[in-house]
Amino acid sequence: MKAKKTRVRFAPSPTGMLHVGNARTALYNWLFARHTGGEYLLRIEDTDLDRSEARHETQLMEDLRWLGLEWDEGPGVPGPHAPYRQSERLGIYREHTERLLREGKAYRCFCTAEELEAERERAVAMHRPQVYSGKCRGIDREESAMRARLGEPFAVRLQIPDHPLRFHDMVRGAVEFASETVSDPILVRSGSGKSGGVPVYNYVVTVDDALMEITHVIRGDDHLSNTPKQVAVYEAFGWKVPEFAHLSTILGSDRERLSKRHGATSIASFREMGILPEALVNYLALLGWGAEGGTRETFTEEELTREFKLERVTASPAVFDWGKLHWLNRHYMKATEISRLAELAWPYFERAGLLPGQDGAPEKVSAWLEAVIAVFLPSLDQLDQLPGKAAFVFRFDVEAARANVENAEVLGTEIAGKVLAAFAARVSGAAAGSVTGEQFKAWMNEIKAETGAKGKDLFHPVRIALTGAHSGPEFDKVIPVIEAGSGLELPVHVASVRERVERFVKQQG
RNA sequence: GGCGCCAUGGUGUAACUGGUUAACACGCCGCCCUCUCAAGGCGGAGAGUUCGGGUUCGAUCCCCGAUGGCGCUACCA
C-alpha cells in the first residue's frame with residue numbers, strides 16, 4: 001500500500017505583518033513538506049472581516065517569497081482545492097453547517113451575551129470549568145427553526161460528545177481533554193451585522209483542513225487548547241483526525257511572548273535592516289529544532305530539508321536572540337557574492353544621500369561600492385549599518401575630528417605634530433587620488449625612521465587626519481577606497497588622501 | 001478560578017531504546033595577530049539537568065507531586 005502523500009498548510013490571517021513566530025511556523029511546514037516529499041499550501045484565514053486587510057495579505061505573500069517559502073497551492077497558485085481564501089468559501093461552510101444541524105450534531109443557541117457572561121461568572125465563583133451550560137441543546141427542533149424564522153438572533157454551536165477528546169501531537173505526544181472541560185464551541189456567529197452568520201475560525205479551519213486533505217496540522221501552540229474542539233468537528237463529520245504538531249512560543253529576552261514591544265519582529269523589518277533571508281531561515285530553523293548530534297549550526301536550504309524532522313522539534317518555548325541572528329547574518333554576508341551585497345546595500349546609501357540612484361548609475365560606482373563594502377564587512381551585523389560605518393569615507397569633518405577629546409589628546413603630543421608634518425610633506429607631492437596602499441606603507445616606514453615614532457604614535461595621528469577617528473579598518477584597505485572614490489562623481493564629494501591632509505593641517509592654523 | 005502545555009549554563013540546542021568528565025554554537029572573559037576597531041586563530045569560566053519524592057544496581061531521560069513560566073478559558077485568529 002502506498003503511503004499517503006503528506007499535505008500541510010500555513011494558514012495566516014491577514015490582520016497584520018508576518019512576524020517571526022508565524023514565519024517559523026511557515027518554515028517548519030515548508031521543511032516538513034519538502035522533507036517528506038509532500039505538498040505545502042497557503043490558505044488565507046480572513047473570517048474576521050473587521051481586522052482582515054488585503055494589503056496585509058499582499059505583504060504576507062511577499063514576505064514568504066522573500067524567505068523562499070513558495071507554496072504548491074494557494075493564492076496565485078491554482079490547485080484542486082481552490083479557493084484558498086476563507087472569505088471566498090462561505091458557501092462551503094454554510095452547507096456543512098446545515099448538514100450538522102440536520103443531523104442534530106449542532107444546534108442553534110439563542111443565549112445572549114449577558115446570559116453567557118453571567119454563566120461564566122458563576123462558574124468562576126464555584127471553581128468550576130467555564131463551560132457553556134448547554135442550555136439551548138434541548139430546544140425542540142421545530143421551536144428552534146421557528147424562532148430562527150421569526151428573526152431571533154442565534155449562533156450555531158456544536159455539541160461536544162461525552163467521551164474524552166484525544167489527538168496525537170508529533171512534538172508533544174498523546175494529548176487528551178476531558179469532555180466536561182470543553183465548551184460546546186460556537187460554529188457560526190449570531191447577529192445581523194457584518195459578521196453575523198459568518199463562521200468562526202475554529203470551525204472553518206477544520207472544515208478546510210479536512211476538505212483540503214491536510215494530513216499534518218503544524219501551527220503555534222496557542223492553538224493547542226482549541227484542538228479538542230476541532231477534533232469534535234472532525235468526529236461530527238466522520239472525518240479522519242489529522243496528525244498535529246504544536247510549535248512552542250517564541251519569547252523575548254524577558255521571557256514574555258515576543259511582540260512589537262520587543263522591537264522590530266516583522267519579517268519585513270528584518271529585510272529592511274539588511275538581514276539576509278538565508279540567515280533568518282537558518283536562525284528560525286534553529287529556534288526550536290536541532291539536528292541530530294547537535295554540533296552543527298549552519299545549514300543550507302538543502303541540508304535543512306534533508307535533516308529536518310518534526311519529531312526533533314522542541315516543545316519548550318525559545319527566547320529570541322539577536323546576537324545569534326547577527327552571527328548567522330555575518331556568516332552569510334561573508335559567504336555570499338559581494339555584488340549581491342552591493343545591490344542590496346545601495347538603497348541605504350542612496351537614502352543617506354551618499355550615492356546616486358541605482359538605475360543607470362555608472363558601472364564604476366557599483367564596483368567602487370563593492371570595494372567599500374569589502375572594507376567594512378568584517379564589522380557588519382546587518383547591511384543597514386553600512387552608511388554609518390562608511391560615513392567617514394564620504395563626509396570628512398575636520399572640526400569634529402579635532403574637537404573629539406580622545407583625538408585631541410593624541411594630536412596634542414609633540415611627536416604627533418612631527419608625524420603629521422612629515423606625512424603632509426609627502427602627500428603634497430602626490431597627485432590627488434593616486435596614493436596606493438604600497439605607497440602609503442613606504443611613506444610610513446620613512447616617517448618612522450625620520451621621526452622615531454612607531455606604533456600608535458606613528459599611526460594614530462595619521463588615522464585621525466585621514467578618517468577622523470583613531471580606530472577603523474586597516475589603512476591598506478581604506479586608502480584605495482578613498483582614492484578611488486575621490487575620482488567619482490557622487491552626490492557627496494569623497495575627499496582624497498591629499499585633500500584630507502591638506503584640510504586637516506590647514507585647520508591646525 | 002478551570003483546563004492544558006512546558007522546564008538542561010545568560011541564550012539556542014545535543015546527549016542511541018536509562019550507564020557520558022553533560023557536548024556544540026551564540027554571548028562573555030583572556031591570549032595571539034595588529035597602529036586601532038572589527039574579523040580570524042587559540043584557550044577559559046559558566047549547568048550536575050527547577051525543586052521534592054518514587055521506580056532502578058544506576059536516572060537529564062520513566063512515574064507522582066510541588067513550584068514557576070506560558071497558552072486557552074471570545075459569537076479573535
Side-chain angles (χ1 to χ4, degrees), chain A residues 11-16 45-48 50-52 109 111 113 116-117 120 123-131 153-157 169 171-172 175-178 180-183 185-191 193 195-202 204-205 219-229 246 248-249 251 253 255-257 283 286-298 312 314-328 330 334 376-380 389 444 453-464 467 469-475:
Chain A
S13 43
T15 53
E45 314 248 322
D46 55 354
T47 53
D48 184 343
D50 295 324
R51 295 198 297 149
S52 297
C109 175
C111 293
L116 296 173
E117 185 52 38
R120 268 192 292 272
V124 171
M126 291 166 69
H127 296 200
R128 300 274 307 153
Q130 278 189 51
V131 294
F154 66 89
V156 177
R157 281 186 194 264
D169 188 300
V171 346
R172 293 159 209 264
V175 185
E176 178 180 317
F177 286 78
E180 311 84 71
T181 65
V182 183
S183 230
I186 296 277
L187 264 25
V188 182
R189 297 173 172 93
S190 70
S195 52
V198 177
V200 303
Y201 165 83
N202 268 309
V204 298
V205 77
R219 71 215 322 187
D221 71 354
D222 46 338
H223 293 294
L224 192 57
S225 303
N226 289 147
T227 307
K229 294 178 185 172
H246 286 97
S248 63
T249 321
L251 309 173
S253 52
R255 302 219 136 247
E256 299 245 0
R257 177 180 219 151
Y283 179 67
L286 255 24
L287 209 55
W289 168 84
E292 213 169 318
T295 60
R296 290 188 43 223
E297 305 290 323
T298 58
R312 293 191 60 83
T314 331
S316 58
V319 174
F320 187 85
D321 179 14
W322 272 100
K324 189 141 185 180
L325 207 213
H326 277 150
W327 174 74
L328 279 164
R330 288 195 293 265
K334 283 171 193 160
F376 296 98
L377 197 52
S379 67
L380 213 57
K389 299 235 182 220
M444 295 309 277
K454 59 180 180 179
K456 292 182 185 184
D457 288 343
L458 177 63
F459 283 91
H460 278 190
V462 174
R463 182 174 281 284
I464 292 168
T467 71
H470 59 273
S471 73
E474 296 92 327
F475 279 117

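In what follows, every chain begins at residue 1, and chains take the letters A, B, ... in the order their sequences are listed. Only this structure's heavy atoms are used, side chains among them; waters, hydrogens and symmetry mates stay out.
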Undergrad: Determine the sole option in A:D221, A:L224, A:T227 for which the side-chain contact (heavy atoms from CB on, under 4.5 Å) test with A:D169 is passed.
TA: A:L224

Undergrad: Which comes earlier along RNA chain B counting from the 5' end, the contact point of A:N226 or that of A:P129, where each point is its nearest nucleotide?
TA: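 Between the two, 5'-proximity favours A:P129.
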
Undergrad: Any side-chain N or O of A:R463 below 4.0 angstrom from OP1/OP2 of B:rU34?
TA: no

Undergrad: Among B:rC75, B:rA14, B:rA25, which nucleotide sits nearest the side chain of A:R120?
TA: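 Nearest listed nucleotide: B:rC75.
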
Undergrad: Which nucleotide, if any, forms a Watson-Crick or G-U wobble pair with B:rG30, using both distances under 3.5 Å?
TA: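 By the stated definition (distances under 3.5 Å), B:rC42 pairs with B:rG30.
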
Undergrad: I'd like to know if the side chain of A:T249 reaches the main chain of A:L251, judged simply by a donor and an acceptor atom lying under 3.5 Å from each other, with no hydrogens or angles considered.
TA: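 No; zero donor-acceptor contacts below 3.5 Å.
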
Undergrad: Quote, to the nearest angstrom, the P distance that separates B:rC26 from B:rA22.
TA: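 My reading of the P atoms in B:rC26 and B:rA22 gives 22 Å.
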
Undergrad: Phosphate oxygens OP1/OP2 of B:rU73: is one of them under 4.0 Å from a side-chain N or O of A:S225?
TA: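 Answer no for this pair, as no side-chain N or O of A:S225 is under 4.0 Å from OP1 or OP2.
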
Undergrad: Need the pair for B:rU67. Rule: Watson-Crick or G-U wobble, both distances under 3.5 Å, any strand; none if unpaired.
TA: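 The answer is B:rA7, by the H-bond criterion.
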
Undergrad: Does the side chain of A:R296 get closer than 4.0 angstrom to OP1 or OP2 of B:rU13 through an N or O atom?
TA: no

Undergrad: Between B:rG48 and B:rU55, how far is it from one P atom to the other, in whole Å?
TA: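 Their P atoms lie roughly 25 Å apart.
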
Undergrad: Rounded to whole Å, please give me the gap between CZ in A:R172 and P in B:rG4.
TA: 14 Å

Undergrad: OP1, OP2 of B:rG71 versus side-chain N and O of A:R219: anything below 4.0 Å?
TA: no

Undergrad: Pick the C1' atom in B:rC33 and in B:rA38, then give their distance to the nearest Å.
TA: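 That atom pair is separated by 13 Å.
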
Undergrad: Expressed as a whole number of Å, how far does the P atom of B:rC37 sit from that of B:rC28?
TA: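 Going atom to atom, P in each nucleotide, I get 15 Å.
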
Undergrad: If pairing requires Watson-Crick or G-U wobble contacts with both distances under 3.5 Å, which nucleotide is the partner of B:rC72?
TA: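 Partner of B:rC72: B:rG2.
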
Undergrad: With a 3.5 Å cut-off and just heavy-atom distances, do the side chain of A:K334 and the base of B:rA39 make a donor-acceptor pair?
TA: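 No such pair is found, so the answer is no.
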
Undergrad: Identify whether any heavy atom of A:G220 sits under 4.0 Å from a base atom; if not, whether one sits that close to sugar-phosphate; answer base, sugar-phosphate or nothing.
TA: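 Nothing: the residue A:G220, judged by heavy atoms under 4.0 Å, touches no strand.
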
Undergrad: Could you measure between the two P atoms, the one in B:rC16 and the one in B:rU21, and give it in whole Å?
TA: 14 Å

Undergrad: How is A:H460 classified with respect to the nucleic acid when contacts are heavy atoms under 4.0 Å: base, sugar-phosphate, or nothing?
TA: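 Base, at least one base atom sits under 4.0 Å.
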
Undergrad: Rounded to whole angstrom, note down the C1' distance from B:rA47 over to B:rC42.
TA: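 To the nearest whole Å, 24 Å.
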
Undergrad: When the P atoms of B:rA77 and B:rG2 are considered, how many whole Å apart are they?
TA: 28 Å

Undergrad: State whether the distance check finds a donor on one side and an acceptor on the other, under 3.5 Å, for side chain A:S379 versus base B:rC37.
TA: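 No such pair is found, so the answer is no.
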
Undergrad: Quick check on RNA chain B: between A:V188 and A:G323, whose nearest nucleotide comes earlier from the 5' end?
TA: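 Whichever sits nearer the 5' end wins; that is A:G323.
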
Undergrad: Taking all atoms of both residues into account, what is the closest heavy-atom pair of A:P378 and A:K334, and its distance?
TA: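 That closest heavy-atom pairing would be CA-CE, 4.4 Å.
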
Undergrad: Say you pick atom C1' in B:rC24 and the same atom in B:rU17; how far apart are they, in whole Å?
TA: 24 Å

Undergrad: Using Watson-Crick or G-U wobble geometry with both distances under 3.5 Å, which nucleotide pairs with B:rU60?
TA: none

Undergrad: Look at A:T47 and B:rA77 and indicate whether a side-chain polar atom (N or O) is within less than 4.0 Å of OP1 or OP2.
TA: yes

Undergrad: Record whether the side chain of A:D222 comes under 3.5 Å of the base of B:rA77 through a donor-acceptor pair of N or O atoms.
TA: no

Undergrad: Nearest to the A:S316 side chain among B:rC75, B:rC3, B:rA7, which nucleotide is it?
TA: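 Out of B:rC75, B:rC3, B:rA7, the nucleotide with an atom closest to A:S316's side chain is B:rA7.
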
Undergrad: Distance check: side-chain N/O of A:R128 vs OP1/OP2 of B:rC3, anything under 4.0 Å?
TA: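 For A:R128, the contact criterion (side-chain N or O under 4.0 Å from OP1 or OP2 of B:rC3) is not met.
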
Undergrad: Is there, by distance only and without an angle test, a donor paired with an acceptor across the side chain of A:E297 and the base of B:rG12 below 3.5 Å?
TA: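 When only heavy-atom distances are counted, A:E297 does reach the base of B:rG12 through a donor-acceptor pair under 3.5 Å.
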
Undergrad: Base of B:rG48 relative to its sugar, syn (within 90° of 0) or anti?
TA: syn

Undergrad: Checking base pairs now: Watson-Crick or wobble, both atom distances under 3.5 Å. What partners B:rU36?
TA: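 WC or wobble partner does not exist here.
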
Undergrad: Any side-chain N or O of A:R330 less than 4.0 Å from the OP1 or OP2 oxygen of B:rA38?
TA: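 No, no such contact exists.
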
Undergrad: Would you please confirm or rule out a distance under 4.0 Å between OP1 or OP2 of B:rC72 and any side-chain N or O of A:Q130?
TA: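 No, because none of the side-chain N or O atoms of A:Q130 sits under 4.0 Å from OP1 or OP2 of B:rC72.
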
Undergrad: For B:rA22, give the paired nucleotide (Watson-Crick: N1-N3 plus N6-O4 or O6-N4; G-U: N1-O2 and O6-N3; both under 3.5 Å), or none.
TA: none

